[in-house]
Amino acid sequence: MAAKTQTTLIEQKVSNLLKQMSLEEKVGQMTQVDFSVIGAGPNSEEIDPAKLEIAVAQHHVGSILNAPGMPDVKARPLETWRKITVAIRAASEKTQLKIPVIYGIDAIHGATYTENATLFPQAINMAATFNTELAYQEGEITAREVKASGLDWNFYPVLDVGRQPLWPRFWETFGEDVYLASALGESYIRGHQGDNFAAPDKAPTCLKHYVGYSYPLNGKDRTPAWIGERALRELFLPSFASGVLAGSPTVMVNSSEVDGVPGHANHYYLNDILRGELGFTGFTISDWEDVNRLYTRDKLAASQREAVKMAVMAGVDMSMAPFDFSFPEILADLVKKGEVPMSRIDEAVGRILTVKFRSGLFDKHPLLDAKQNFATPEAAKINRQAAIESIVLAKNENKLLPLAKSSRVLVTGPTANLLSALNGGWTITWQGDREDLYPADKLTLAAALRQKNPDHVTFLGGGSYEHLIKLDEAVNAAAQHDAVVLALGEKPYAETLGNIDSLQLPEHQLALGRALLATGKPVILVYLGGRPRIITELAEKAAAVIVAMLPGMEGGPALADILYGDANPSGRLPFSYPRATNGITAYDYKAMENFDGASYQPLYPFGHGLGYSRIVVSDLHVSKPVYAIGEPVQVSVKVGNAGERAAKESVLLYVNDVAASVSRPNKQLKAFQKVELNPGQEKTVQFTLGPDALSFIGLNLRRVTEPGDFKVYVGDLSAGFALADKPKSPAPEKSAAKANRTKK
Ligand code: BGC
C-alpha cells in the first residue's frame, strides 16, 4: 500500500479510537509501568494475573517496560518472554477497545534482557569500526532478537555525543564526533526498522536522551549541562536530527537539565526544535521516574501534581512512571479541572496510538519464529566481525604484534578472564556485572588465547575483578614467558552507579603494570573499559597497546584473532584518548582552545588506529578550486595497501572553514569510508561534500554557509578550495536536520 494511503488510514483509525476512548483510557495510554507492577512478587518472572488485569483493564496502561524480577532484574529465557507477551496480549484483547500494550526494553548492544542473545560491541566500539554496514546489521539482528522475544520497542540508540569521558554513560555513545554518531545512529535505525517497522522482524527504535544529556559539567550522571544554543545545535542536536530523518518514531527525554531547564520541562526543545524544526511526529517518553523528579529532585514543581502538569504541557507524551498509577490519576484530575486541555491529551494519545498502528501491534502478528531469528550462527559471525573491527591497535613497537604462535605468552590482569569486562553495563543485568550469569560457552580474553594456542599461553589471575594479582607471582610468571598480555580496565557499571571522580586507574593496576614492565619482557597492554582511564605511564613503556574498550560477547576471540594475526586490526578511536585526567580536549577544538599550542596532546588522537599492513594515502584532490555555494564539492584520494596482508582502512575526511563569522573547529569530520584493500591494491575513494558539510550555526543561531576558503584533510594530506557566492539567505531551519549528513 502506498505510504500516503497507509498514513491516512492510520489517521482515521486513530481518530475513530480517540472518539471512543474515555478520559481514563486516554491518560492510561500515556502511562508506562515497570514489569514489577504486573509481576507476581520480588525476584519472580511470573505475571500475577490480577495485577495484570488492574494495570491493563482498570488503568489502561499504554506500555510496560523492563525485565522481570525486581529487584533481581536480569535476562530471562526466550520462552519466558514469549509467555509474558502472550499473557499481556490476551489481557488487552479482553478490554473493550482492545488497544495493545507496547512493551519497551533496553536492547542495548543486542537484546540485553533475553538469555543468550547476540550481544554486540557497545556503541563506543561500534563507532570505532567506522563501518555503517555493521551498525546496520547490528540494528537488523537486534530487532529480530527483540521481536523473537515477543518484545515490541527498543529504547535505543543513544544519540548523545560523548564529549565528557568521565560521564559513566560515555561508552553508550558513538564517541565525540557528531558526524560519526549521526551516521552510525542512522544506519542502526535503518537496519532495525527497515522500510516498515510493522514487519514481523522489525521494531521501532527510540532516540535518547534528547538533548544535551551527555555533557555534564562535572562528569557525573544526571547532573547539569551548560550548553549554549549554538553549541547545542552544532554538536548535540544533529545526531537526533539524523535519527528523526531515519524515521525513529519515539524519543526519550534527557534526564538532567541544560542551562537550568530540566529536559522534561523544556517546551522549547520538545516542541519548537524537535517538532517544529526537526519534523518529529512520533511520541516522546520521559526517562525513568523523571516526571516526578521535576518535583522531588529539581524543585521546579511544588508538588507532584504540578510536575505532571508541567511535563505534559512541556511535551512529554508518555510517562515512564514507573511503579504506580499516580501519573494517570493526577493527569485525569488535571483535565477534569481544566488545568490540562483535552486537546493536549488527544494530541499525546493520538501520537502513541499512531506508533502502535505503525508498529503493527493492532495486526496481531504471531510471534516471530525464534529458531531462525534468535542467536543464529550467522549473527554470531557478524558480531565477531564487528568486535574485530571495533578494537583499536594503538601502539605496536617493533612490530611485536602479531605474536608468533611459538612465543610463550603470559596473560594476566584484572580484566583478562571476565566476560563482564568485555561487555560492560546493560549486559544480562542493568549493571552488567553478574559474571555468574554470563553464558558458559563464550570466551574471555584469557580463554580465547588459550583456546588458540593452548601449549604456549598461561593465565595468571583471580576469577574476579576484586581478586588482586600478587605482584611477585606475576613477576615470577613473566620470567617464564616471552611476552605478557596485561589486561587492565574497569569493572562494568551503568548510569549513576558508574560515577567517578578521576580517570586515574586504580593503584593496584598501575602497580601491576609497573612491576611487569620492570621485568623487561615485552608487555602488550589491553585496555578494557567504558571510558578512557589514564594509562599513559604504562602505555609509554609497553611494547604494544590495544584499546579494546567494550567489544562485546565475541570480544575475547576477536582480541585473540588480532593478537595472533588471524585478523588485521582496523578500528580507529572515536574519541581522543586523554593523556592526563584533566587533558580533555576534543579533536575538533577551536584555535583558541589550543592557544598555548599544547592543549591537544592526547595519548592517542581521535581517528588513531594501526593495522598490520602499510597503508599509503596519496593524491588528495578537490575537483576544482572554486565552487558556488550549494554546489557539491567533489574530493578524491588514493589509498593503497603496501603491506602483505589484506586490510580494511577507514578513510576519514575532515574539513576546516578557514575564516568564518563564528569561530570554527580546527577541523571536523565530514565524511568517511571504510575500504577493503588486498596487498598491493590501490583504490580511489570519492567523497561528495554536500552544502551542509560546509555550513555551521551562525550568529543568528541558524545554519549558514559563508563564502571563503576551505581546507580538506585526509591523513597527513591537505587540499583547499573556495566557496564563491554569498549565501542568498540563511538556510531554512529544516536544514539543521540534515547537518553533517553527507553520505558515503
Ligand atoms: C535510563 C534510560 C533507560 C531507562 C529504562 C533510565 O534510567 O536513563 O536510558 O532507557 O532507564 O530502563
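Numbering of ligands and ligand atoms starts at 1, following listing order. Just so we're clear, the structure is a prediction, and the values are computed from it rather than from any experiment.
- Residue contact annotation: N66 has no non-hydrogen atom under 4.0 Å from ligand 1.
- Looking at ligand 1, you won't find any N or O of W288 less than 3.5 Å from one of its N or O atoms.
- Residue, atom and distance of the protein heavy atom nearest to atom 10 (O) of ligand 1 are D106 OD1, 2.5 Å.
- Taking all heavy atoms of V253, D287, T496 into account, the minimum distance to atom 8 (O) of ligand 1 is reached by D287.
- Classification of K83 and E79 as a salt-bridged pair fails, no side-chain N sitting under 4.0 Å from a carboxylate O.
- Classification of R275 and D317 as a salt-bridged pair holds, one side-chain N sitting under 4.0 Å from a carboxylate O.
- Seen from the ring of Y493, R169 does not count as a face-on cation partner, given the 6.0 Å and 45° thresholds.
- The closest approach between a heavy atom of Q32 and any atom of ligand 1 is not below 4.0 Å.
- Among all protein heavy atoms, the one lying closest to atom 7 (O) of ligand 1 is E495 OE1, 2.8 Å.
- Between E490 and R533 a salt bridge is recorded (basic side-chain N to carboxylate O distance below 4.0 Å).
- Remark: distances from the non-hydrogen atoms of H209 to ligand 1 include one below 4.0 Å.
- Salt-bridge formation is not detected for the pair K147/D201: no Lys NZ or Arg NE/NH1/NH2 atom is positioned less than 4.0 Å from an Asp or Glu carboxylate oxygen.
- Here is the list of ligand 1 atoms found below 4.0 Å of a heavy atom in L65: 5 (C).
- Of the charged side-chain nitrogens involved, none lies within less than 4.0 Å of a carboxylate oxygen, so that D436 and K74 do not count as a salt-bridged pair.
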